[in-house]
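In what follows, a structure is listed as structure tokens, so that the remarks can point back to it.
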Amino acid sequence: MTALQARRIALAALGFGRPRPAQAERRHVDAMANRLGLIQIDSVNVLARAHYAPGFSRLGPYDPAWLDQSAYGGRRRRLFEYWGHEASLIRCDLQPFLRWRMAQAERGEGIYKGLARFGRERPDAVAAALREIETRGPSSARDLGDERGAGAWWGWSDTKRALEWLFWAGRITTALRRGNFERVYDLTERVLPRKVLDAPTPDEADAQRELLRVAARALGVATSQDLRDYFRLAPAAAARLPELVEEGTLVPAQVKGWGRPAYLHADAVRPRKVAARALVSPFDPLLWARDRTERLFGVRYRLEIYTPEHKREHGYYVLPFLLGDRIVGRFDLKADRQARRLVVQSAHAEKGADLEEVALAAGDELRLIAGWLDLPEIAVRPKGDLARHLAL
């Protein structure tokens, strides 16, 4: 297939292939989370929390409380927090397929070296933290008398390290998040639905096959590395892909210009046209793999948060602008909540894009996201070739 065909397949698979609903409802949010399998969490809150942004990109204005209810809404929850593609909200029914990762963590494998060492050297601290959670119920590190440590490890205390070890091992999970995004832990058996807890534990090979199925459905068409990266699977997991071809889930494919074999999900939609319009978060699965973004769109994109300011090309928190089936611009956005203002710190068009067309469509999207964030004013700074064309 051509790169354009692959791009349209990928956009449709990731939820950009259909028009946004006239009015988003809870069922649309649940359907999105079900299709993606997981939604990345990140502490960055320059515009909106990372896990809220994919819903807006696909559905337009929606109530973020619906996602919170799915993630933290008691026994009927549909999502739980764990390490999927980085820290993520993951479908609860996938928890059994991640137990092998939890078992590895308990053995000190596949986790931060310092955390693995802590688990080996301080089992007393781990056991004490677990007893506290068992006795007290939902608790944060602060509730357990957490005192910030010194030096490396982000200043984590022994309490925080013990809780993170237990979280990695699957012994505890997030019961809820407090207003400042503080994680409140509880025993996994007191948080997840009974049906999930009672589900049998598959072996590692079966579990990885299922995770690759989820990834393939979400990505539409992808290389082996793309598929493994979705749940951060090790290279050895690629041995499962021929098995998925044999069962008929995947179809071997060649995409012109990719330079490596690809796999097409057997049920992937092959649209002739995609009429998307979306500002896409850096933490959206459309942009997770930077080399995949370049293969799909011919655009080199990097998150420049950790780049020194004087070396940034496009800005601190830059959202690519998807119009139709192309990335046509980049917007460095900031929510100034105190002034109730959406700040467009820079606006750049991609090479070959029609400035007036992009500015018109982007203006509509910026007004939409400003309304969703309850920011009645939009301020555009004169940085970037697109800025002066925006009429807001």
Side-chain angles (χ1 to χ4, degrees), residues 16 20 40-62 64 180-181 276-288 290 293-294 297-392:
F16 292 101
R20 287 169 171 165
Q40 187 175 346
I41 302 170
D42 194 90
S43 60
V44 174
N45 193 22
V46 178
L47 185 67
R49 291 288 182 194
H51 56 295
Y52 295 139
F56 177 82
S57 296
R58 290 158 178 77
L59 306 173
Y62 77 101
N180 60 354
F181 211 52
R277 191 193 76 191
L279 288 161
V280 184
S281 158
F283 302 102
D284 193 288
L286 183 65
L287 302 175
W288 280 346
R290 307 310 188 204
T293 303
E294 194 162 352
F297 295 98
V299 168
R300 185 181 184 277
Y301 173 73
R302 298 292 184 273
L303 181 61
E304 298 181 288
I305 286 177
Y306 304 109
T307 302
E309 185 174 359
H310 69 281
K311 293 185 177 181
R312 290 179 194 142
E313 185 178 1
H314 295 102
Y316 181 79
Y317 192 74
V318 175
L319 286 78
F321 181 48
L322 176 67
L323 186 61
D325 56 23
R326 299 169 55 217
I327 289 177
V328 295
R330 309 182 196 211
F331 292 81
D332 182 13
L333 301 181
K334 178 181 179 179
D336 184 344
R337 296 175 180 87
Q338 186 172 359
R340 299 189 65 202
R341 176 190 302 136
L342 176 66
V343 182
V344 182
Q345 302 195 106
S346 72
H348 295 85
E350 294 300 319
K351 184 178 180 180
D354 184 311
L355 291 175
E356 296 297 338
E357 178 188 17
V358 173
L360 183 64
D364 290 340
E365 193 67 10
L366 289 167
R367 283 187 288 271
L368 198 65
I369 197 170
W372 179 58
L373 296 173
D374 194 25
L375 303 172
E377 182 183 346
I378 302 177
V380 181
R381 294 180 179 168
K383 185 176 181 180
D385 58 351
L386 195 55
R388 64 187 179 88
H389 294 272
L390 292 172
L392 299 168

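Residues T307 and R312 form a side-chain contact, since some pair of their non-hydrogen atoms from C-beta on lies under 4.5 Å apart. Put simply, the side chain of R58 reaches to within 4.5 Å of the side chain of D284, judged on heavy atoms. Using a 4.5 Å cut-off on side-chain heavy atoms (C-beta onward), V46 and L333 make no contact. A 4.5 Å side-chain heavy-atom check between L303 and V318 finds every atom pair outside the cut-off. Residues V280 and L286 form a side-chain contact, since some pair of their non-hydrogen atoms from C-beta on lies under 4.5 Å apart. No side-chain heavy atom of V299 sits less than 4.5 Å from a side-chain heavy atom of R290.
Between H314 and H348, the angle of the ring planes goes over 60°, which puts this pair in the perpendicular group of the 30/60° scheme.
Of all heavy-atom pairs spanning S281 and A53, the tightest one is CB-CB, 3.5 Å.
Note: L342 CG to R367 CZ = 11.5 Å, rounded to the nearest 0.5 Å. Here the straight-line distance linking atom CD of E365 with atom CG of L279 works out to 5.0 Å at 0.5 Å rounding. Considering OH of Y317 and CD of E304, their distance stands at 13.5 Å, rounded to 0.5 Å. A distance of 10.0 Å separates CG of L47 from CG of D332, quoted to the nearest 0.5 Å. Distance check: Q345 CD to K334 NZ gives 6.0 Å after rounding to the nearest 0.5 Å. Note that CD1 of I327 is 6.0 Å distant from CG of L287, once rounded to the nearest 0.5 Å.
In the displayed structure, R388 atom CZ is contacted under 6.0 Å by at most 12 heavy atoms of other residues, nucleotides or ligands. Atom CZ of F181 sits in a crowded spot, with more than 12 heavy atoms from other residues, nucleotides or ligands closer than 6.0 Å. With a 6.0 Å radius and a threshold of 12 heavy atoms from other residues, nucleotides or ligands, R381 has its CZ atom at or below the threshold.
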Decide side chain to side chain contact (heavy atoms under 4.5 Å, CB included) for V44 and F283; before the verdict, give the C-alpha distance in whole Å, the side-chain angles of both, and the deciding distance to 0.1 Å.
CA-CA 10 Å; V44 174; F283 302 102; 4.3 Å; yes
Go through the steps to decide whether E350 and F297 satisfy the test side chain to side chain contact (heavy atoms under 4.5 Å, CB included), and finish with yes or no.
CA-CA 11 Å; E350 294 300 319; F297 295 98; over 6 Å; no
Check step by step if side chain to side chain contact (heavy atoms under 4.5 Å, CB included) holds for L390 and I378.
CA-CA 11 Å; L390 292 172; I378 302 177; over 6 Å; no
List the steps and the verdict of salt bridge (charged side-chain N to carboxylate O under 4.0 Å, His left out) for R300 and E294.
CA-CA 5 Å; R300 185 181 184 277; E294 194 162 352; 5.2 Å; no
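Under the 3.5 Å distance criterion, with hydrogens and angles disregarded, a donor-acceptor pair is assigned to the side chains of E356 and H389.
Residues W372 and Y62 bring their aromatic ring centres within 6.0 Å.
Cation-pi geometry between R20 and F56 is met: the NZ or CZ atom falls under 6.0 Å from the ring centre, inside 45° of the normal. Geometrically, R330 does not engage F321 in a cation-pi contact defined by less than 6.0 Å to the ring centre and at most 45° from the axis.
Using a 4.0 Å cut-off between charged side-chain N and carboxylate O, D385 and K351 make no salt bridge.
Residue F331 is tested with V380, I369, L386 for a side-chain contact (heavy atoms from CB on, under 4.5 Å); the sole match is L386.
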